[in-house]
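Given the structure is predicted, the values throughout are model-derived calculations rather than measurements.
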Amino acid sequence: MADWDAALAACDHHDVPTFDDEEGVTDGAAWKHTFVHPKHTGGILVQLFWEERPGVWVRSDKVPPPWT
């Protein structure tokens, strides 16, 4: 979680806004994500992502897990 807080603090320090913050729990493990708009990154959409346990976050409504 310290990495997540540091990433958001860096964005704030450099006046880079984030948007579409979302968080949830999958299989008992928390995850969070947010985005940086391309107009603040030279044209590239950036997603910042944190997960409590590696490999737990799968957007099952968007991408099927590789083990199915």
With a 4.5 Å cut-off on side-chain heavy-atom distances among I, L, V, M, F, W and Y, is there a chain of contacts connecting L48 to W50? yes
Side-chain heavy atoms under 4.5 angstrom apart, residues restricted to Ile, Leu, Val, Met, Phe, Trp, Tyr: same cluster for V16 and W4? yes
In residues 36-46, what donor-acceptor pairs under 3.5 Å come from side-chain atoms, sequence neighbours left out?
| from | atom 1 | to | atom 2 | distance (Å) |
| --- | --- | --- | --- | --- |
| H37 | ND1 | K39 | N | 3.0 |
| T41 | OG1 | P38 | O | 3.4 |
| T41 | OG1 | I44 | N | 3.2 |
| T41 | OG1 | I44 | O | 2.2 |

Relative to the ring of W31, is the ring of H33 parallel (under 30°), tilted (30 to 60°) or perpendicular (over 60°)?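 Rings of H33 and W31: tilted, as their planes differ by 30° to 60°.
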Set of side chain to side chain donor-acceptor pair (under 3.5 Å) partners for D21, sequence neighbours left out: T34
My understanding is that only residues two or more places apart in sequence, or in another chain, count here; which of them pass side-chain contact (heavy atoms from CB on, under 4.5 Å) with A29? E52, R53, V56
For atom CG of D5, is the number of surrounding heavy atoms from other residues, nucleotides or ligands below 6.0 Å larger than 12? yes
